[in-house]
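Comments concern the structure below.
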Amino acid sequence: MVGDGHRAAGTPLRAAQDEAGVPPGVWKGRGLATVGLTAGDVVTERQAELLLGEGRHPDADRIERERLEAGDDPATARRATVLGRPIEHNRSPKTEKAKERTPWLAMDLVFRAPSTAHIAWALGDDETRLALELCQDIARDKTLAWMEDAVAQIRWGSGGKHRKPIRDGLIVAVFRHYESRAAESRPLLHDHAVVSIRARRPHDGKWGNLSADSVLAHIVVADTLYTLYFMEEVSARLGWAWEPREVTPGRRPVMEIAGIDQRLIGWQSTRRQQIEDALPVLTAKYEERHGHPPGEQAAYALACQAADQTRPPKRTELLSLTELRKRWRTAAIGAYGADVVDRLAQRARAAAAAVWARVRPVVDVARAAVDTVAVVYVMRGAFKRHHLLAEARRHLAYTLRGRPHQPGLDDQIVQTVVDDYTRPAGRRMMTADLRALYPRDTEDQAVLRPLTRKRSVPQYERARLAAGALATRVHAARRAERLSSRIRSRVVAVPAALRSHPRPFHSGRGAVRVLEQETGVDTVEQTRRTLEAAAAKLQDGIRERAVAHGPRPQPAPATAPPPHTQQPGTQHTPGRTTGGVA
């Protein structure tokens with residue numbers, strides 16, 4: 001609540017926040033009305049102590065006083081202020097489980113923008129700073145609203161066996177911080193959203209606890225949605241574009257603002273450099289102990305261990321945001337020059353123009369579906385729907401580069417994957433259906449399997465190879481269909497089996513089969529060029545004769561045939577319809 005500053009005993013909360021240079025916290029969430037709060041209200045010390053520290057109503061003092069005046073005994077009056085089960089139950093000696101003896105009353109969700117956004121926020125002018133803070137507010141609030149609607153569940157019964165969506169919404173206290181915990185202060189605009197686990201049941205309105213595993217399982221999905229919203233707001237309000245940046249070779253890239261000097265990212269990410277310096281020592285000890293390099297999970301655990309070992313103590317010097325921005329600007333100019341800092345926004349706008357000229361922000365649902373299923377399959381093998389949703393949102397962020405996406409497009413991509421390219425793989429799990437991805441080439445159905453076992457190549461690089469192979473197949477199949485449709489004027493269509501979502505790019509059960517001999521793509525292309533050249537030559541000859549002999553007399557117009565009749569000797573050929581979703 002006071003940032004990384006130290007709060008002396010007896011110091012009021014607002015005074016400590018002013019000294020630490022952080023703004024006061026504010027309440028967010030649709031569940032505020034149930035406890036008499038309004039979104040945007042300042043989080044007082046007593047409200048936080050009651051709700052987040054004791055699991056009671058934030059206005060419990062007034063409620064308890066009124067119940068005492070009405071004649072209730074102190075225990076009954078206090079019980080009337082408790083939301084759900086009292087935390088005293090957890091402290092009872094009858095409780096056997098150790099985890100139940102420690103009450104868990106809130107979850108801290110941290111919303112952190114990409115590194116280049118911190119740099120532009122810290123070194124830009126006041127207009128840029130306020131615009132980026134507004135983008136942060138909008139992206140954070142939209143993500144919290146999605147979690148209220150699609151993720152948050154309340155549990156009750158023995159072992160939490162009953163679970164349903166919450167009735168009203170979440171109760172969240174948001175605290176904004178401005179800097180990192182590096183030894184030398186560096187800009188890090190981020191919000192701590194402290195979510196109360198108290199919520200109401202949908203059927204009877206009683207208070208209970210959120211299902212923590214449901215929230216934690218969707219943390220990565222919420223992260224990708226927040227990043228997508230933040231990118232869209234920055235591009236709409238500042239006119240900047242985004243591009244991928246590879247932080248670690250062979251690992252998943254991150255999206256950064258185009259045109260920001262890469263040296264400033266290293267200047268801002270001092271904590272990352274501290275972790276990278278400590279990581280080789282831990283990796284060498286792991287290899288000596290186990291006899292092989294660490295895998296994906298072991299490498300992540302070693303990185304967490306390096307972060308804990310290099311975590312510096314909290315800063316004791318208290319500075320306001322204005323003083324921090326002056327210090328950051330002076331340090332950046334001293335390291336890289338005034339030209340790099342002063343022209344930061346100008347170069348970002350110029351780079352955005354180059355990105356929009358090079359990248360066409362159009363989402364192809366079919367290609368997005370095969371890209372998503374290939375990456376998730378190689379990375380995980382078996383997966384759930386929320387794994388697909390996170391990867392679909394990453395695909396949208398990479399494809400659109402900050403342009404707005406159509407609401408529900410991420411769910412549409414996931415539904416296409418589930419309907420057409422997956423099969424069950426155990427209890428509540430699924431995996432890629434290789435026969436659906438390669439319906440006719442039986443010998444190529446296992447093309448993705450070797451990529452899951454090739455340890456010499458990083459896992460994400462293998463995933464991109466698989467996605468690229470499937471995307472090339474989609475492109476080739478569509479090109480062959482376009483070329484064949486120009487030549488084959490008469491086809492016989494055989495109705496296929498009905499499907500809720502036909503397969504978008506291969507000739508399988510949901511497509512139309514052509515009953516004639518297959519023609520090679522090169523042959524079709526050569527025939528098309530020959531016909532176009534002959535047609536052009538014929539038109540030239542017609543124009544030459546018209547110039548030499550004058551226009552020919554036109555015959556009198558024939559009487560139109562009656563409706564619903566057809567002229568003899570003519571045959572109707574239906575034209576190619578346009579439609580579908582891309």
Is it the case that the side chain of Thr224 and the backbone of Val221 share a donor-acceptor pair, with hydrogens and angles ignored and the cut-off at 3.5 Å?
yes
Test item: Phe175 and Asp191 side chains (from C-beta on) under 4.5 Å apart, heavy atoms:
no
Under 3.5 Å, is there a donor-acceptor pair between the side chain of Tyr336 and the main chain of Arg263?
yes
Ring centers of Trp146, Tyr226 separated by less than 6.0 Å
no
For the residue pair Ala120 and Thr128, what are the closest heavy atoms and their distance?
O-CG2, 3.9 Å
Does a side-chain heavy-atom distance below 4.5 Å link Phe111 with Asp223?
no
Could you walk me through whether Gln47 and Trp27 pass the side chain to side chain donor-acceptor pair (under 3.5 Å) check?
CA-CA 10 Å; Gln47 289 173 346; Trp27 291 108; 2.9 Å; yes
Between Glu391 (side chain only) and Leu388 (backbone N and O only), is there a donor and an acceptor less than 3.5 Å apart?
no
Report yes or no: is the cationic atom of Arg380 (NZ for Lys, CZ for Arg) under 6.0 Å from the centre of the six-membered ring of Tyr377, at an angle within 45° of the ring normal?
no
Using modelled atom types and a 3.5 Å cut-off, is there a donor and acceptor pairing between side-chain atoms of Glu233 and backbone atoms of Leu132?
no
Could you check Asp342 against Arg329 for salt bridge (charged side-chain N to carboxylate O under 4.0 Å, His left out), going step by step and ending with a plain yes or no?
CA-CA 10 Å; Asp342 295 338; Arg329 185 176 180 84; 2.4 Å; yes
Donor-acceptor contact below 3.5 Å, side chain Thr431 vs main chain Gly381
yes
Within the distance-only criterion (no hydrogens, no angle test), does the side chain of Trp240 pair as donor or acceptor with the backbone N or O of Trp242 below 3.5 angstrom?
no
Qualifying residue for side chain to side chain contact (heavy atoms under 4.5 Å, CB included) with Tyr229, from His405, Arg393, Gln136:
His405
Do any N or O atoms from the side chain of Arg325 and from the backbone of Trp121 form a donor-acceptor pair under 3.5 angstrom?
yes
Could you tell me whether Asp261 and Arg343 have a side-chain N and a carboxylate O separated by less than 4.0 Å?
no
Keeping Glu148 on the side-chain end and Leu170 on the backbone end, is there a donor-acceptor pair under 3.5 Å?
yes
Apply the test side chain to side chain donor-acceptor pair (under 3.5 Å) to residues Glu256 and Thr116: give CA-CA distance (whole Å), side-chain angles for both, the deciding distance (0.1 Å), then the verdict.
CA-CA 6 Å; Glu256 300 284 4; Thr116 45; 2.5 Å; yes
Counting C-beta onward and ignoring hydrogens, is there a side-chain heavy-atom pair between Asp168 and Arg30 closer than 4.5 Å?
no
Any heavy-atom pair between the side chains of Arg163 and Asp213 that's under 4.5 Å?
yes
Do NZ/NE/NH1/NH2 and the carboxylate oxygens of Arg327 and Glu323 come within less than 4.0 Å?
no
Donor-acceptor check, side chain of His118 to backbone of Ala113, threshold 3.5 angstrom: yes or no?
yes
Using the side chain to side chain donor-acceptor pair (under 3.5 Å) rule, take Asp411 and Gln415 through it: C-alpha gap first, then chi angles, then the decisive distance, then the call.
CA-CA 6 Å; Asp411 289 317; Gln415 193 61 45; over 6 Å; no
Between Ser214 (side chain only) and Ala152 (backbone N and O only), is there a donor and an acceptor less than 3.5 Å apart?
no
Parallel, tilted or perpendicular: ring planes of His177 versus His190, cut at 30 and 60 degrees:
perpendicular
CD (Glu127) with more than 12 external heavy atoms under 6.0 Å
no
Can you confirm whether Leu189 sits close enough to Arg176 that some side-chain heavy atom of one is under 4.5 Å from a side-chain heavy atom of the other?
yes
